[in-house]
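Values below: every heavy atom of this structure, side chains too, minus hydrogens, waters and symmetry copies.
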Amino acid sequence: MTDFGQAILFESPRLLFREVIEEDVESIFLLNEDPQVLLYTGDAPFDNHEAALDCIQNNIQFQYREYGLGRWAVIQKSDLAFLGWCGLKYRPERETIDLGYRFFKKYWGKGFATEASKACLQFGFEKLNLEKIIGTARIDNPASWKVLEKAGMIYDFEDDLEGFPAKWYTLTKEMWQNMLHGSKKSASNHDLD
């Protein structure tokens, strides 16, 4: 499916995933305009559309070029709406790959973040052959750490994240495979359907 001028990389039951492209600038700009969306991110709204475009080209697309992964546009199959982004980002300062997501508020509470997170984890382990993915969420953002838990990530420890206490989660490829196969060795009993 290429209704967006960009090939679909993977999909889940309700969602399509593709690279973020320059034509998404309005959506990316508006996503970062909502103070509730940014509440736990540490990010500020973009000053203008040029700043949003710069983020797309020199942050999001940089990850695609340099590392072959990144934050992907999340598109709803039913109406092709841009819901937000979800994906994997390489953090050289920590030498880790983390799972992150950001959705327009009107799509909160519908299970999209969990569904998208599971799909990105699956893509990371099965297609990108990653060995380990982490996730972080501030302690004062229980909705976000619950998404990580529902996606199958395992709580690891609590530590600072950019000046705030946060929960850190881990999922390895072996743990993922154990969960898929219902192994008793699995550290989690979360359903991946």
**Student:** Just by distance, do the side chain of N48 and the backbone of A51 share a donor-acceptor pair under 3.5 Å?
**Tutor:**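 Flag set: sc N48 to bb A51 pair under 3.5 Å.
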**Student:** Quick check: does any side chain N or O of Q61 sit under 3.5 Å from a backbone N or O of V20, one acting as donor and the other as acceptor?
**Tutor:**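 Checked: pair present.
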**Student:** Check whether W108 reaches the backbone of F103 with its side chain - one donor and one acceptor, N or O, closer than 3.5 Å.
**Tutor:**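 Such a contact is found between W108 side chain and F103 backbone.
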**Student:** Do E115 side-chain atoms and R14 backbone N/O form a donor-acceptor pair below 3.5 Å?
**Tutor:**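 Checking the backbone N and O of R14 against the side chain of E115, a donor-acceptor pair under 3.5 Å is found.
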**Student:** Of the non-hydrogen atoms in G84 and L31, which two are nearest, and what is the gap between them?
**Tutor:**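 Closest pair (atom of G84, atom of L31, distance): CA-CD2, 4.2 Å.
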**Student:** If you measure from CG on L148 to CG on D156, what distance do you get to the nearest 0.5 Å?
**Tutor:**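 Rounded to the nearest 0.5 Å, the CG-CG separation comes to 12.0 Å.
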**Student:** Do R94 and I134 come close enough that some side-chain heavy atom pair is under 4.5 Å?
**Tutor:**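 Touching, per the 4.5 Å side-chain cut-off.
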**Student:** Decide whether K89 and Q63 meet the rule of one side-chain donor and one side-chain acceptor closer than 3.5 Å.
**Tutor:**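 Absent: no donor and acceptor within the cut-off.
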**Student:** Is D160 reaching over with its side chain to a backbone N or O of F164, donor-acceptor style, under 3.5 angstrom?
**Tutor:**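 The answer is yes, because a donor-acceptor pair under 3.5 Å joins these two groups.
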**Student:** My understanding is that a hydrophobic cluster links ILVMFWY residues whose side chain heavy atoms are under 4.5 Å apart, including indirect links. Using that, what else belongs to the cluster containing I139?
**Tutor:**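 So far as hydrophobic clustering goes, I139 is joined with none.
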**Student:** Keeping the roles fixed (side chain from Y169, backbone from A137), state whether a donor-acceptor pair exists under 3.5 Å.
**Tutor:**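 Not at all, since once roles are kept as given, no pair shorter than 3.5 Å links the two residues.
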**Student:** Show the numbers, then the answer: is there a side chain to side chain contact (heavy atoms under 4.5 Å, CB included) between K77 and L15?
**Tutor:** CA-CA 5 Å; K77 287 181 179 180; L15 306 171; 5.7 Å; no
**Student:** Given 3.5 Å as the limit, does a donor-acceptor pair link the side chain of Y155 with the main chain of W145, or not?
**Tutor:**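 Judged by distance alone, no pair lies under 3.5 Å.
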**Student:** Check S12 against F17 and note the closest heavy-atom contact, atom names and distance.
**Tutor:**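 For S12 versus F17, the nearest heavy atoms are OG-CE1, 3.9 Å.
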**Student:** Less than 4.5 Å apart, side chain to side chain, heavy atoms only: is that true for W72 and C86?
**Tutor:**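 When only atoms from C-beta onward are counted, C86 and W72 do not touch, as no gap falls below 4.5 Å.
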**Student:** Identify the two heavy atoms, one from G124 and one from I133, that lie closest to each other, and give their separation to 0.1 Å.
**Tutor:**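 Closest pair (atom of G124, atom of I133, distance): CA-CD1, 4.4 Å.
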**Student:** When you check the gap from the basic side-chain N to the acidic O, do D140 and K167 get nearer than 4.0 Å?
**Tutor:**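 Answer for the salt bridge query: no.
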**Student:** Between the main-chain N or O of C55 and the side-chain N or O of N58, is there a donor-acceptor pair closer than 3.5 Å?
**Tutor:**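 Here the side-chain-to-backbone pair does not exist.
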**Student:** Could you check whether any side-chain heavy atom of P45 comes within less than 4.5 Å of a side-chain heavy atom of F29, counting everything from C-beta outward?
**Tutor:**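 When only atoms from C-beta onward are counted, F29 and P45 do not touch, as no gap falls below 4.5 Å.
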**Student:** So, for L88 and L69, which heavy atoms are closest and what is the spacing to 0.1 Å?
**Tutor:**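 In this case the closest contact between L88 and L69 is O-CD1, 3.3 Å.
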**Student:** Would you say I56 and I21 make side-chain contact, with heavy atoms under 4.5 Å?
**Tutor:**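 No. Closest side-chain heavy atoms not under 4.5 Å.
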**Student:** Between K132 and L171, is any pair of side-chain heavy atoms under 4.5 Å apart?
**Tutor:**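 Side chain of K132 against side chain of L171, heavy atoms only: no contact under 4.5 Å found.
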**Student:** In Å, rounded to the nearest 0.5 Å, how long is the span from CG of L130 to OG1 of T172?
**Tutor:**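 Taking CG in L130 and OG1 in T172, the distance rounds to 11.5 Å.
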**Student:** With sequence neighbours excluded, tell me which residues meet ring pair (Phe, Tyr, Trp, His ring centres under 6.0 Å) with Y90.
**Tutor:**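 If we apply the ring pair (Phe, Tyr, Trp, His ring centres under 6.0 Å) test to Y90, skipping adjacent residues, the hits are Y67.
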**Student:** If the threshold is 4.0 Å, N to carboxylate O, is there a salt bridge linking R102 and D43?
**Tutor:**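 Answer for the salt bridge query: yes.
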**Student:** For E126 and Q122, which I'm curious about, is there any donor-acceptor pair between the side chains at under 3.5 Å?
**Tutor:**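 Yes, side-chain donor-acceptor contact under 3.5 Å.
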**Student:** Rounded to the nearest 0.5 Å, how far apart are CH2 of W168 and CE of M153?
**Tutor:**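 Here the rounded value is 11.5 Å.
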**Student:** Please, which pairs that meet salt bridge (Lys or Arg N to Asp or Glu O under 4.0 Å) have at least one residue in residues 63-74, sequence neighbours excluded?
**Tutor:**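 Matches after skipping sequence neighbours: R71-D98.
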